[in-house]
*Asks:* 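Attaching a single structure in structure tokens format; questions to follow.
Since the model is a prediction, treat every value here as computed from it, not as a measurement. Remember, it's 1-based here, ligands and their atoms both numbered in the order they're listed.
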Amino acid sequence: MPTPDQEKVLVIGSGIGGLSTGIILAKLGFEVTVIEKNGQPGGMMRSYVRRGVHCNVGLHYLGALDQGQILRRCFNFLEITGQLPLIRMGVDGPVDQYLFTDDHPGIDHFDVPAGFEAYEAGLNAAFPTQRIQVAALMARLRRSADQLNRLSFLYSDRPTEYWFDQAEPLGAIFDQIGCSPGLRAVFGLPSVLIGVPPAVCPQFYHSMTLASYLLSAWRLKGPGATMADVCVQRLKSLGGSLRTGEAVTGIRTVDGRVRGLTLDSSETLDASIIVGTIHPKGMIELLEPEVLKASYRRRVMGLRDTPGMMAVHALVPAKQYPEIQPNRYLVQVDPQGGLLDLIFLQLRSSDDPGQNLLTLITSGHHELWQAWQQTRSGQRGPDYLKKKQDLARSLIGRTEKMMGPFQGLQILDIFTPLTIRDWVNSPEGSAYGVMRSNEQMLSAALLNRTSLRGLFLAGQSVLAPGILGTILGSFSTVKFIVGSERFHREVRI
Ligand SMILES: Cc1cc2nc3c(=O)[nH]c(=O)nc-3n(C[C@H](O)[C@H](O)[C@H](O)COP(=O)(O)OP(=O)(O)OC[C@H]3O[C@@H](n4cnc5c(N)ncnc54)[C@H](O)[C@@H]3O)c2cc1C
């Protein structure tokens, strides 16, 4: 139970950003309440159920979870590792398989194994004339991985220097060292997992993504809801609380300081610290225009976001279509190795023993859904449902061209950028929040702090997206809240 002198914190949003920030602050002795607009906590990490089958939204695999690795150390600090049922990937085969839909890159497939050495050997075998380029790319990757592992950006005295040091976009690096189209296509692909086109992806963000999965790749044995529930239990065990089904409609301020929140029920809550883990543009809309510096507001509202996604979940007969252990990426590139189109595929067991769950995710093409901008989930009408079905069928058709026909396939659910927009309030259904491209290195830097005293931001947009990036963002926000000295003393990851 909180004691009367504990400082009160209200956290807006119960995705991994909100729950991890809440847990860290509760561990440090703050009285934490997390407020969530949805009936269930977890945001994008939470799965949903269709015909008794759990379908994941934004949690398909995790990296760097082995002993001593970075995500494991974060989970250990949160004290949730033992509760998460994890399956290691890449043990008897690759972690990922890239299948190229045309012959531009001079390579038709590439298997991503676990481990840096195996990955380097795979690149050298696939691109024997590019050994010098492969060595140069791997040297950069290893250096970034080492800095990530040491958490230099959290614990060094000059954290921003560290980011800018590795801000060069992959496209420029490829040009400088003379990479072939095939090497560009293969090595650049992981930047798509954080929603940034490879050519403009700062080297560090690409390295963080690729390195984390090379270190070790894992998936949850259960659905994403399990991880959300584990985090909620941990928060509660520390005396924190969660209120679901209540949207924050305003942030109250007095004399340049936060005072509390207003909920959609008109109830008001008081606190001296507020952490918004929703999209930064959504945070700004919760404030009276005059309370933030105009320059900050302009900077945030002008940021470019990552695109939305469309996903299809379908059941296929398990006997005919057994599980595929690696993730598959069906990739289309241009003659220079630039990415044109990508389909992410998982085929895994489902809650229905006779059926396996096929998951297909691809770019959401926000422009296709303009006609339904003003509608809400579940109320968009028959034309929307038909368009969803047509696009899902076309996505399945493109997949079948590479994989052969899926007989007996039954579509369970289709989600579009509008679904994500309404589920988590992400602008235009952006999957990974603010885009971490090289053009936005400065404008998207240090979003954790605002000019309003007591107001902080966390969530995937403040540092980097994905479960790892978002949790690291939570730690960096807590550092701003408690100050560097206390953070160094009490938060050892
Ligand atoms: C299709 C897809 C696949 C992905 N796959 C992976 C993967 O395999 N591995 C990985 O690491 N990452 C993956 N990600 C990314 C990962 O899911 C996200 O980076 C992460 O979950 C973001 O967490 P968050 O807390 O920042 O945001 P969210 O999960 O969006 O949480 C924000 C929360 O705030 C709530 N909220 C919004 N407005 C209000 C309000 N006014 N009042 C109260 N509550 C509010 C929302 O309902 C939501 O619960 C994927 C994402 C997508 C879209």
Side-chain angles (χ1 to χ4, degrees), residues 10-22 33-47 55-65 71 89 96 190 192-195 208-209 212-213 217-220 224 227-228 231 242-251 261-264 274-283 285-286 306-313 327 344 346 359-364 415-417 419-427 429-434 436 457-474 477:
L10 294 170
V11 177
I12 312 172
S14 73
I16 188 61
L19 292 173
S20 56
T21 305
T33 304
V34 177
I35 321 279
E36 169 57 51
K37 76 175 180 63
N38 292 330
Q40 291 179 312
M44 285 200 267
M45 90 172 130
R46 192 173 194 95
S47 46
C55 306
N56 279 338
V57 179
L59 183 46
H60 300 91
Y61 68 141
L62 299 164
L65 262 174
L71 187 56
M89 298 172 67
D96 295 323
V192 178
L193 306 187
I194 53 169
M208 180 176 175
T209 314
S212 71
Y213 290 119
W218 308 75
R219 59 191 169 89
L220 278 187
M227 182 153 153
C231 291
L242 168 73
R243 295 177 61 159
T244 52
E246 300 186 274
V248 173
T249 52
I251 297 173
L261 297 176
T262 309
L263 305 182
D264 52 357
I274 290 170
V275 186
T277 69
I278 60 179
H279 192 286
K281 290 175 187 167
M283 277 282 298
E285 281 160 10
L286 296 175
T306 53
M309 307 270 195
M310 173 176 167
V312 177
H313 286 110
N327 304 308
F344 170 86
Q346 278 191 335
T359 301
L360 301 176
I361 305 177
T362 194
S363 172
F415 71 70
T416 74
T419 324
I420 296 286
R421 181 198 70 179
D422 292 354
W423 174 239
V424 296
N425 277 356
S426 179
S430 166
Y432 304 105
V434 169
R436 294 278 148 194
L457 269 69
Q460 64 175 353
S461 289
V462 300
L463 185 80
I467 300 299
L468 174 61
T470 308
I471 294 183
L472 291 176
S474 301
T477 298

*Asks:* Mind checking the CE-CD1 spacing from Met283 to Ile251? Nearest 0.5 Å is all I need.
*Replies:* 4.0 Å
*Asks:* Identify the protein heavy atom lying closest to atom 15 (C) of ligand 1, giving its residue, its atom name and the separation to 0.1 Å.
*Replies:* Tyr432 CE2, 3.7 Å
*Asks:* Enumerate the atoms of ligand 1 whose separation from the nearest heavy atom of Gly459 is less than 4.0 angstrom.
*Replies:* 26 (O)
*Asks:* Roughly how far, to the nearest 0.5 Å, is CD1 of Ile194 from OG1 of Thr306?
*Replies:* 9.5 Å
*Asks:* Which residue owns the protein heavy atom closest to atom 42 (N) of ligand 1, what's the atom, and how far is it?
*Replies:* Val248 N, 2.9 Å
*Asks:* Indicate, as side chain, backbone, both or neither, the part of Val57 found under 4.0 angstrom from ligand 1 when only non-hydrogen atoms are considered.
*Replies:* backbone
*Asks:* Please assess Leu468 against Tyr213 for the test side-chain contact (heavy atoms from CB on, under 4.5 Å), listing each intermediate value before the final yes or no.
*Replies:* CA-CA 11 Å; Leu468 174 61; Tyr213 290 119; over 6 Å; no
*Asks:* So which bit of Asn425 gets within less than 4.0 Å of ligand 1, heavy atoms only: side chain, backbone, both or neither?
*Replies:* side chain
*Asks:* Numbering the atoms of ligand 1 from 1, which are under 4.0 Å from a heavy atom of Tyr213?
*Replies:* 9 (N)
*Asks:* Atom 47 (O) of ligand 1: which protein heavy atom is closest, and how many Å away?
*Replies:* Glu36 OE2, 2.7 Å
*Asks:* Give me the residue, atom name and distance of the protein heavy atom closest to atom 32 (C) of ligand 1.
*Replies:* Thr277 O, 4.0 Å
*Asks:* Could you tell me, atom by atom, which parts of ligand 1 come under 4.0 Å of a heavy atom of Trp423?
*Replies:* 47 (O)
*Asks:* Looking only at protein heavy atoms, which one is nearest to atom 28 (P) of ligand 1, and how far off is it?
*Replies:* Met44 N, 4.0 Å
*Asks:* Ala247 near ligand 1, heavy-atom distance under 4.0 Å?
*Replies:* yes
*Asks:* In Å and rounded to the nearest 0.5 Å, what is the CE to CG distance from Met89 to Asp96?
*Replies:* 6.5 Å
*Asks:* Test of understanding: given a 4.0 Å heavy-atom threshold, classify the contact between Ile467 and ligand 1 as side chain, backbone, both, or neither.
*Replies:* both
*Asks:* Output the list of atoms in ligand 1 that are nearer than 4.0 Å to some heavy atom of Gly43, sorted by atom number.
*Replies:* 29 (O), 48 (C), 49 (O)
*Asks:* Would you check, one step at a time, whether the test side-chain contact (heavy atoms from CB on, under 4.5 Å) holds for Leu457 with Val275?
*Replies:* CA-CA 5 Å; Leu457 269 69; Val275 186; over 6 Å; no
*Asks:* Show the atoms of ligand 1 that are less than 4.0 angstrom away from any heavy atom in Asn38.
*Replies:* 47 (O)
*Asks:* Would you mind reporting whether Leu263 and Thr249 have side-chain heavy atoms less than 4.5 Å apart?
*Replies:* no
*Asks:* Considering only non-hydrogen protein atoms, determine which one is nearest to atom 4 (C) of ligand 1 and report residue, atom name and distance to 0.1 Å.
*Replies:* Gly58 CA, 3.3 Å
*Asks:* Do any nitrogen or oxygen atoms of Gly17 come within less than 3.5 Å of a nitrogen or oxygen of ligand 1?
*Replies:* yes
*Asks:* Take Tyr432 and Met44 through the side-chain contact (heavy atoms from CB on, under 4.5 Å) test and state the conclusion after the steps.
*Replies:* CA-CA 10 Å; Tyr432 304 105; Met44 285 200 267; over 6 Å; no
*Asks:* Please state which part of Phe344 comes within less than 4.0 Å of ligand 1, counting heavy atoms only: side chain, backbone, both or neither.
*Replies:* neither
*Asks:* Quick one: look up the protein heavy atom nearest atom 9 (N) of ligand 1 and list residue, atom name and how far away it is.
*Replies:* Tyr61 O, 2.9 Å
*Asks:* Given the rule in the side-chain contact (heavy atoms from CB on, under 4.5 Å) test, do Asn38 and Arg46 qualify, once you have shown the distances and angles that lead to the verdict?
*Replies:* CA-CA 11 Å; Asn38 292 330; Arg46 192 173 194 95; over 6 Å; no
*Asks:* Parallel, tilted or perpendicular: which fits the ring planes of His313 and Phe415, with parallel below 30° and perpendicular above 60°?
*Replies:* tilted
*Asks:* Among protein heavy atoms, which sits nearest to atom 34 (O) of ligand 1, and what does the distance come to when rounded to 0.1 Å?
*Replies:* Gly13 CA, 3.2 Å
*Asks:* With rounding to the nearest 0.5 angstrom, report the OG1 to CG distance, Thr470 to Leu19.
*Replies:* 11.5 Å
*Asks:* Below the 3.5 angstrom mark, is there an N/O of Gly466, backbone or side chain, next to an N/O of ligand 1?
*Replies:* yes
*Asks:* When you measure from atom 37 (C) of ligand 1 to each heavy atom in Ile278, Ile16, Ile35, Asp264, which option holds the nearest one?
*Replies:* Ile278
*Asks:* Considering only heavy atoms, which of Gln40, His60, Gln460, His279 lies nearest to atom 18 (C) of ligand 1?
*Replies:* Gln460
*Asks:* Hey, could you give me the CG/CD1 distance between Leu59 and Ile16, rounded to the nearest 0.5 Å?
*Replies:* 8.5 Å
*Asks:* Mind checking the CG-OG1 spacing from Leu463 to Thr477? Nearest 0.5 Å is all I need.
*Replies:* 8.0 Å
*Asks:* Test Asn425 against every option in His279, Glu285, Lys281, Lys37 by the side chain to side chain contact (heavy atoms under 4.5 Å, CB included) rule and name the one that passes.
*Replies:* Lys37
